[in-house]
Structure formats: C-alpha cells, structure tokens
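Structure record follows, encoded as structure tokens.
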Amino acid sequence: MTQRYRPYRAVLTGAAGGIGAALAKELLPQAEYLILVGRNRAALETLRAQLDPARIHLIEGDLTQAATLDAIAMLAEQLGGFNLLINNAGSNDFHAFETQSEDAIRSMLEINLLAPMLLSRRLIPLMKKQLHAQIVNIGSVMGSIGFPGFSVYCGTKAGLQGFTQALRRELADTSIDVRYFAPRATRTAINSDAANAMNRELRTGEDTPEAVARSFIAFLNGGKREQTLGAKESFFVLLNKVLPGLPERAIRGQLPIIRKHLPD
Ligand SMILES: NC(=O)c1ccc[n+]([C@@H]2O[C@H](COP(=O)([O-])OP(=O)(O)OC[C@H]3O[C@@H](n4cnc5c(N)ncnc54)[C@H](OP(=O)(O)O)[C@@H]3O)[C@@H](O)[C@H]2O)c1
C-alpha cells in the first residue's frame, strides 16, 4: 500500500539527535533526498558526512522560530516538493511539576507540540501538490500513559497524539496521511542522569536508537495509523484505556522510587 510514497523525499526534524540520526541512516536507502533540520550545524555536518552527502540537505535553525519554518518550506519547494515530514525534534525535563521552571515548561510545549503543528501547517500546501504524502509525528508511550515526573512532557505527547488523529481525519479527503509513532524509553541524550537512574531501578524497558529506527521504517512502509513500541508498553497503553485503575495503582506503588530520583 505504501509503495506509493517511495522513494521518500523527506524533511526530518531533530535529525542530529539520538533517534533522528538513526532514522536518517535507516531512511536514506529508501530516499531520493533528506532535508535534515537541527540547531547544531557541526552535528548536522558530521551526520551528512556519514551519509551520502549529495542527497542530504541541511537546515540549521530553531524550530520555535518562524524563519526556520520558512527556510524548510523554501528549500523543499526548490527541490521540487517532498512527500514525508517527520516531526521528531523534542525535549524532555524529568522534574517535579511543582518546582519545574517555566522555561522548561514553555520549551517542551513549544518544541513537542507547537512546532509540529506550525511546521505541518506551513508545509501542508506543498504536500498537497504531491500525489501521496505523509506527516509522521514522533510521540511517546508517555503520550498514552501519564507518569509522575513527566507531567508536562506527557501532556505535550498526548496533545500531539490528539492533533495527529484530528488532522488525519481533517485531511482524509486529500493526498496527505497523518500518523503517530510512539517509542518507549530509548538510550539518547534526551533522558537526564536522574531519569536514567530511575529507569534502571524500575527496570523500565529500553531500546537503542538503531532498534527504534528499524521499527520506524517497518511502520513507515506499513499501513498502521499509529504504533507504540514494546509489547509490555503496548499492553499497558491498552490497560490504561480500558481499566485505568490498574496502572493507577501500579504507578502509585512506584511513587517512592520515582520521588527518590526526582530533582526537586
Ligand atoms: N529517548 C527517549 O527515551 C524517547 C522515548 C519516546 C519518545 N522520544 C521522542 O523521540 C524524539 C527524538 O528524541 P531523542 O531521544 O532522539 O532525543 P535527542 O537525542 O535529545 O534529540 C532531540 C532533537 O530535537 C532537537 N531539538 C530540540 N529542541 C529543538 C528546537 N527548538 N529546534 C530545533 N530542534 C530542536 C535537538 O536538536 P539539536 O541537535 O539542535 O539540539 C535534537 O536533535 C523526541 O520527540 C522524543 O520526545 C524519545
């Protein structure tokens, strides 16, 4: 079914991050070109050198700035259009909500939720010119299961999931599909030392970015609207929907361990 999207001509945000770099490497064999977006020029250049530089285009910029969204749109148009937007950039701040800084709260809302919305809005007119195109939003298991220490992050990812579903339905009579891919904990710099220590103590299942990227490609080339990674995590997501009292009690039982690791 999704053969129709290939070869991919893709915009990938957060490309120099842990999952982003792994996605770029895994996606390139099926791509005509990739536009990689990030704030760190040197990290983007290093990544381009490891790939096929002729098929890699770079946009250096902060996704909270309109100029960055304009630069992405201009380059994509110059290249003759594109058929895949991966909203992958994100930030996290494992912290007690009560004492979390306003800057951290705003930054998570801006990069995890507002930026994918505004970038999608900016690029939809271009994508509509393609016979088939798709937007894939990178969410998180935490978008479906609220977890202490991640209140705002969970809120942004739940918002992203709701946005994905609504936009998919709004664009159902166009050439654009909108999908949601939710990794579980993954070994990248987004997780603080405190979050990693808590995950170890709670024996939280964890993936490498390379494993996430392989699952992502299978998802991309398949027909599912949404996917959560991890069998145990997928089961908890389902349980949280149908019998929320059970995960509520289980997480309450983990609260002393979570509090021990929470920065205050
Ligand atoms: N790792 C996990 O445990 C995990 C689990 C579930 C979901 N996820 C999701 O997976 C995605 C990728 O995360 P990751 O684990 O790869 O984290 P990461 O290594 O920290 O990468 C995040 C990327 O987002 C970019 N970014 C952040 N703020 C930005 C901004 N204002 N403008 C432009 N780029 C910005 C960063 O760009 P710079 O290079 O410029 O800093 C970085 O490349 C995120 O959406 C995250 O929520 C991660």
Side-chain angles (χ1 to χ4, degrees), residues 11-26 35-48 58-69 71-72 85-94 103-104 106-119 135-145 147 149-150 152-161 163-164 180-200 202 204-213 215-216 219 226-230 233-234 236-237:
V11 173
L12 171 63
T13 69
I19 292 175
L23 285 182
K25 287 173 192 160
E26 206 65 34
I35 296 178
L36 305 183
V37 185
R39 289 170 302 182
N40 183 332
R41 182 94 209 166
L44 289 173
E45 292 284 8
T46 303
L47 179 60
R48 171 156 66 181
L58 305 181
I59 295 281
E60 176 194 352
D62 188 320
L63 286 163
T64 64
Q65 303 301 309
T68 306
L69 311 189
I72 297 169
L85 166 62
I86 307 172
N87 282 310
N88 166 70
S91 75
N92 198 351
D93 179 45
F94 174 56
D103 280 353
R106 276 184 216 289
S107 162
M108 281 185 278
L109 282 163
E110 282 190 356
I111 189 63
N112 297 353
L113 190 53
L114 189 59
M117 288 175 173
L118 295 183
L119 183 58
I135 297 171
V136 183
N137 292 321
I138 305 297
S140 166
V141 166
M142 288 195 183
S144 303
I145 303 177
F147 202 81
F150 296 98
V152 176
Y153 182 76
C154 290
T156 62
K157 293 297 186 178
L160 188 63
Q161 187 173 23
F163 167 67
T164 305
Y180 180 81
F181 179 81
R184 61 177 186 171
T186 309
R187 256 165 263 145
T188 73
I190 205 170
N191 297 310
S192 64
D193 291 345
N196 285 327
M198 179 194 70
N199 282 342
R200 274 194 298 277
L202 293 177
T204 305
E206 206 183 43
D207 289 316
T208 62
E210 291 73 25
V212 172
S215 300
F216 178 84
F219 168 75
E226 298 198 358
Q227 182 166 353
T228 300
L229 293 190
E233 289 75 9
S234 302
F236 271 106
V237 167

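First listed ligand is number 1; within each ligand, the first listed atom is number 1.
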N/O of [X] under 3.5 Å from N/O of ligand 1, yes or no?
X	value
Ala185	no
Gly90	yes
Gly38	no
Ala15	no

Would you check if the side chain of [X] reaches a backbone N or O of [Y] as a donor-acceptor pair within less than 3.5 Å?
X	Y	value
Thr13	Ala89	yes
Asn191	Thr186	yes
Asn88	Gly14	yes
Asn112	Ser91	yes
Thr68	Thr64	no
Tyr153	Gly143	no

Between atom CZ of Phe94 and atom CG of Asn196, what is the distance when rounded to the nearest 0.5 Å?
-> 10.0 Å
[X] to ligand 1, any heavy atom closer than 4.0 Å:
X	answer
Arg187	no
Gly61	yes
Gly139	yes

Start with the C-alpha gap between Leu229 and Val141, add the side-chain angles, then the distance that decides, and say whether side chain to side chain contact (heavy atoms under 4.5 Å, CB included) holds.
-> CA-CA 8 Å; Leu229 293 190; Val141 166; 5.9 Å; no
Of the side chain and backbone of [X], name the one, both, or neither that has a heavy atom under 4.0 Å from an atom of ligand 1.
X	answer
Lys157	side chain
Asn88	both
Ser91	neither
Asn191	side chain

List every atom of ligand 1 that sits less than 4.0 Å from any heavy atom of [X], numbering the atoms from 1 in the order shown and giving each element.
X	value
Asn40	40 (O)
Ala89	24 (O), 25 (C), 26 (N), 34 (N), 35 (C), 45 (O)
Ser140	6 (C), 7 (C)
Arg184	5 (C), 6 (C)
Ile19	10 (O), 15 (O), 16 (O), 48 (C)

What protein heavy atom sits nearest [atom], and how far off is it?
atom	value
atom 43 (O) of ligand 1	Gly17 N, 3.0 Å
atom 32 (N) of ligand 1	Leu63 N, 2.9 Å
atom 39 (O) of ligand 1	Ala16 CB, 4.1 Å
atom 14 (P) of ligand 1	Thr188 OG1, 3.5 Å
atom 36 (C) of ligand 1	Arg39 NH2, 3.9 Å
atom 18 (P) of ligand 1	Gly18 N, 3.9 Å
atom 6 (C) of ligand 1	Pro183 O, 3.4 Å
atom 13 (O) of ligand 1	Ile190 CD1, 3.9 Å

Check the pair Asp93, Met108 against side chain to side chain contact (heavy atoms under 4.5 Å, CB included), reporting the backbone distance first and the verdict last.
-> CA-CA 8 Å; Asp93 179 45; Met108 281 185 278; 3.7 Å; yes
Could I get the full list of ring pair (Phe, Tyr, Trp, His ring centres under 6.0 Å) partners for Phe216, not counting sequence neighbours?
-> Phe181
Go through Lys157 and Met142 one step at a time and tell me if the side chain to side chain contact (heavy atoms under 4.5 Å, CB included) criterion holds.
-> CA-CA 7 Å; Lys157 293 297 186 178; Met142 288 195 183; 5.5 Å; no
Residue Arg41 excluded, over 12 heavy atoms near CZ under 6.0 Å | yes
Begin with the C-alpha distance, continue with both residues' side-chain angles, and end with the deciding distance and a verdict on side chain to side chain contact (heavy atoms under 4.5 Å, CB included) for Leu63 and Ile111.
-> CA-CA 7 Å; Leu63 286 163; Ile111 189 63; 3.8 Å; yes
Can you name the residues that form a side chain to side chain contact (heavy atoms under 4.5 Å, CB included) with Leu202, not counting sequence neighbours?
-> Phe147, Met198, Thr204, Gln254, Ile257, Ile258
